[in-house]
Amino acid sequence: EVIGRKNSVTLNINAIPERGSFIEYNAAGPEGISNSEFIDWVSHNSNEYVDTSESRNNGQGPLRNMSSDIRINIDADVNNNFTLRVLMDEQTGDKISLTGEGGLHATYFNKGSFEMFGNYLIDYGTYTMTIQQVIKKNFVFQPGSTIVFSGDPFSAALNLKGQHTIPSVS
């Protein structure tokens, strides 16, 4: 649903992920979310990328500085077709990758903040971690692990149980 008024646009989205759906957040560069320019727009028909970042637009921050208000409300019935990825270190490729299910609600306001609410129950996940640029460890998150969002996505309550299997040594 799109609601347009003078100097205001509100998008209300109800989403059910299809196979291959994912969101990847680059935690290695948290400045991306602090300036509210963390949404990249892609045209569905042409796959043409629309650049909205401040750094690529001379620091003007087109979404935050425009006179119109933009609000996006997303209700997602997340299922196992959806993967949440968090890139921890671009150089080493360290990342968390999670699949699970739950009801999530997200809100975005171009002159305000991004917030998330809901419970995400993890069915499967991995965490690849590099220690001192040499040793690579892989952890597997156990089913039943949870993430509870209650506003600020950086303040989510994490209850993640991981396992790292070490090969036997003769």
Side-chain angles (χ1 to χ4, degrees), residues 10-42 49 52-55 61 63-64 70-168:
T10 300
L11 302 170
N12 294 315
I13 302 166
N14 292 314
I16 298 174
E18 293 184 359
R19 181 171 298 237
S21 298
F22 71 92
I23 290 178
E24 182 170 283
Y25 172 68
N26 184 351
E31 66 281 351
I33 199 166
S34 65
N35 68 24
S36 296
E37 301 302 330
F38 58 93
I39 296 176
D40 290 331
W41 300 95
V42 178
Y49 174 75
T52 63
S53 77
E54 285 192 42
S55 62
L63 292 180
R64 183 175 287 281
I70 299 174
R71 288 181 168 78
I72 303 173
N73 302 304
I74 302 171
D75 284 311
D77 184 11
V78 178
N79 55 41
N80 286 328
N81 290 328
F82 173 77
T83 301
L84 172 63
R85 294 191 293 237
V86 180
L87 183 61
M88 306 302 285
D89 186 324
E90 285 183 287
Q91 285 186 322
T92 62
D94 290 2
K95 68 181 171 193
I96 296 172
S97 182
L98 304 168
T99 58
E101 55 189 40
L104 298 177
H105 176 75
T107 62
Y108 167 76
F109 177 45
N110 67 315
K111 296 175 185 170
S113 63
F114 175 73
E115 295 182 316
M116 283 185 71
F117 302 90
N119 300 319
Y120 187 58
L121 178 63
I122 295 159
D123 287 330
Y124 177 78
T126 59
Y127 177 32
T128 305
M129 178 177 68
T130 305
I131 301 169
Q132 296 181 347
Q133 306 289 329
V134 177
I135 303 167
K136 206 162 220 13
K137 301 289 183 182
N138 294 309
F139 295 86
V140 176
F141 291 112
Q142 302 301 299
S145 294
T146 60
I147 302 175
V148 177
F149 296 99
S150 57
D152 179 359
F154 292 110
S155 297
L158 304 175
N159 180 16
L160 303 173
K161 298 172 193 143
Q163 176 180 325
H164 173 66
T165 304
I166 301 172
S168 64

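- Looking at N110, its side chain does come within 3.5 Å of a backbone N or O of I70 through a donor-acceptor pair.
- For the pair V86 and M88, the minimum side-chain heavy-atom distance is below 4.5 Å.
- The closest side-chain donor-acceptor pair between K136 and T130 falls under 3.5 angstrom.
- In this structure, R71 fails the cation-pi test against Y108, since its NZ or CZ atom is not both closer than 6.0 Å to the six-membered ring centre and inside 45 degrees of the ring normal.
- For the side chain to side chain contact (heavy atoms under 4.5 Å, CB included) criterion with I147, the lone passing option out of L158, N119, L121, N159 is L158.
- Using modelled atom types, one side-chain atom of Q142 and one backbone atom of V140 make a donor-acceptor pair closer than 3.5 Å.
- Atom OG1 of residue T92 and atom CG of residue L87 lie 8.0 Å apart, to the nearest 0.5 angstrom.
- At a threshold of 4.5 Å between non-hydrogen side-chain atoms, the residues I122 and P143 do not count as touching.
- Within 6.0 Å of CD on Q91 lie no more than 12 heavy atoms contributed by other residues, nucleotides or ligands.
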Using side-chain contact (heavy atoms from CB on, under 4.5 Å), reason through F22 and R85 one step at a time and then give a plain yes or no.
CA-CA 7 Å; F22 71 92; R85 294 191 293 237; 2.9 Å; yes

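- Panel note: side chain S145, backbone K161; a donor-acceptor pair is recorded below 3.5 Å.
- Residues I23 and F82 have side chains in contact (heavy-atom distance under 4.5 Å, counting atoms from C-beta outward).
- To the nearest 0.5 Å, atom CG of residue N79 and atom CZ of residue R19 are 10.0 Å apart.
- Checking side-chain atoms of Y120 against main-chain N and O of G100 turns up a donor-acceptor pair under 3.5 Å.
- Looking only at side-chain heavy atoms (C-beta outward), M116 and L104 come within less than 4.5 Å of each other.
- Contact check for T126 versus N138: no side-chain heavy atoms found under the 4.5 Å cut-off.
- The line from OG of S21 to CG of L84 is 12.5 Å long, rounded to the nearest 0.5 Å.
- Residues H105 and D75 have side chains in contact (heavy-atom distance under 4.5 Å, counting atoms from C-beta outward).
- Considering only heavy atoms from C-beta on, F141 comes within 4.5 Å of Y127 through its side chain.
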Could you walk me through whether E18 and N81 satisfy the side-chain contact (heavy atoms from CB on, under 4.5 Å) test, starting with their C-alpha distance in whole Å, then the side-chain angles of each, then the deciding distance to 0.1 Å, before giving a yes or no?
CA-CA 6 Å; E18 293 184 359; N81 290 328; 5.5 Å; no

Let's go through T107 and I72 carefully: what are the C-alpha distance in whole Å and the side-chain angles of both, what is the deciding distance for side-chain contact (heavy atoms from CB on, under 4.5 Å) to 0.1 Å, and is it a yes or a no?
CA-CA 6 Å; T107 62; I72 303 173; over 6 Å; no

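- A donor-acceptor contact closer than 3.5 angstrom is absent between the side chains of D94 and T128.
- Atom CG of D123 sits about 4.0 Å away from atom CG of N80, to the nearest 0.5 Å.
- Put simply, CD on E101 and CG on D77 are 8.5 Å apart, with the number rounded to the nearest 0.5 Å.
- In the displayed structure, I16 atom CD1 is contacted under 6.0 Å by at most 12 heavy atoms of other residues, nucleotides or ligands.
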